[in-house]
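Order of listing sets the numbers, starting from 1, for every ligand and every atom in it.
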Amino acid sequence: MFKQIKVWLVLTTILSLTVIGASCSKTETNEGGPEPSSATSKAYTAKGDEGTVSGAVAFSGTPPTPKKIDSSADPACGTANPNLVTEDTMVKDGKLANVFVYVKDGAAADGTKIGDYTFTTPSDAVTLDQKGCHYVPHVLGVQVNQKFRVTNSDPTQHNIHPNPTTNPGWNQTQPNGAAPIEKTFARHEVLIPVKCDQHPWMKSYVAVVKHPFFAVTGEDGTFVIKGLPPGKYTVAAWHEKGGAKGTEKTMEVTVAANGTATADFSFGDAAATASSQPGLQMMPALELPMLGRH
Ligand SMILES: [Cu+2]
């Protein structure tokens, strides 16, 4: 009899501890809520001595030839865009387009970290169009809480399906002629893959950033980030190839008052890509000997 009570007590204790644990982790993740603001955050104001970071992204080696996409599943796509090709690696004269470049870290000259500033949300929307059964643009950036507008310029139906990690996911059908879809992303996330459930080849990437210091490389591989307060920053360049999360490279730059810093990146070289993620490369080597002992 006593033994049974004892077992019951132990079980109840374990159960209640589990419940407490679950509720704790729920509060910590705060999924979909607003960006947590730090105690030191302050509103950003331009002083008039802002600088610029500009550069070009090169592609080393032989670029892959874009592949023709079989869009026969939806004849409207073939009519609207008979020359649909893959857009994951767009290279022209050795320069790479669609690279997302942004200020990832660093601080202004007075020591204020870039992440501690709060910025006014732009009132204009950033538009992702579906035209010729592909996304235009292929990569785009939007500020936290800025309007993200999706339009359908095609004579067919699309289904927009972003797949975020820190923001809530959604997917929505947009028939031809339907009104634009407007959404916002409350949290920083670089980058969110967007696909179409109607046309499996359709892919784009949306970056959500807390500040306005980002750009996407154009056809000529160049980018310009303006309006940066003088300071020392880590600039990151992200390209979709190279693993499920793409490849990101970083560089330290110093922006002088009213000055222009250069940040040139290079993608495409296999060796350089491997060395940029040493942690990931080491994991199999550490795990294999342990598996052998079992
Ligand atoms: Cu579609």
Side-chain angles (χ1 to χ4, degrees), residues 31-32 63-92 96-100 122 124-209 214-219 238-247:
E31 195 187 325
T65 315
K67 292 181 194 72
K68 195 167 166 42
I69 288 165
D70 177 10
S71 64
S72 54
D74 187 343
C77 289
T79 311
N81 192 350
N83 300 310
L84 256 183
V85 290
T86 53
E87 293 171 296
D88 50 76
T89 311
M90 303 291 278
V91 180
K92 194 180 169 190
L96 185 60
N98 293 329
V99 174
F100 187 74
D124 54 327
V126 174
T127 302
L128 178 67
D129 191 23
Q130 300 158 113
K131 194 179 172 77
C133 292
H134 73 145
Y135 290 110
V136 185
H138 185 67
V139 175
L140 64 79
V142 63
Q143 259 178 259
V144 166
N145 294 325
Q146 186 178 9
K147 268 185 208 151
F148 170 64
R149 180 181 292 149
V150 185
T151 53
N152 183 359
S153 303
D154 278 328
T156 189
Q157 174 174 293
H158 292 288
N159 188 293
I160 306 95
H161 191 169
N163 195 13
T165 308
T166 59
N167 287 283
W170 50 272
N171 90 79
Q172 198 168 322
T173 297
Q174 191 176 37
N176 41 314
I181 293 169
E182 278 191 354
K183 302 272 185 183
T184 54
F185 298 100
R187 303 191 74 151
H188 164 94
E189 188 165 357
V190 178
L191 293 89
I192 302 171
V194 178
K195 62 174 182 172
C196 174
D197 289 342
Q198 213 89 11
H199 308 108
W201 62 84
M202 288 180 70
K203 274 194 188 102
S204 71
Y205 298 88
V206 175
V208 186
V209 189
F214 57 82
V216 179
T217 59
E219 255 185 56
W238 175 95
H239 185 246
E240 67 191 89
K241 294 295 278 185
K245 292 271 175 186
T247 305

Residues passing the side chain to side chain donor-acceptor pair (under 3.5 Å) test with His161, sequence neighbours excluded, are Asp197

Backbone N or O of Met202 within a donor-acceptor pair of the Glu87 side chain at under 3.5 Å? no

In terms of ring plane angle, is the pair Phe185 and Phe148 parallel, tilted or perpendicular, where the classes change at 30° and 60°? tilted

Holding to side chain to side chain donor-acceptor pair (under 3.5 Å), I want the full list of residues that pass it with Lys183, two or more places apart in sequence or in another chain. Gln172

Of all residues at least two apart in sequence or in a different chain, which pass the salt bridge (charged side-chain N to carboxylate O under 4.0 Å, His left out) check with Asp129? none

Inside 2.8 Å of the Cu ion (ligand 1) but strictly below it, how many protein N/O/S atoms are present? 4

Okay, side chain of Asp70, backbone of Ser72: is any donor-acceptor separation there less than 3.5 Å? yes

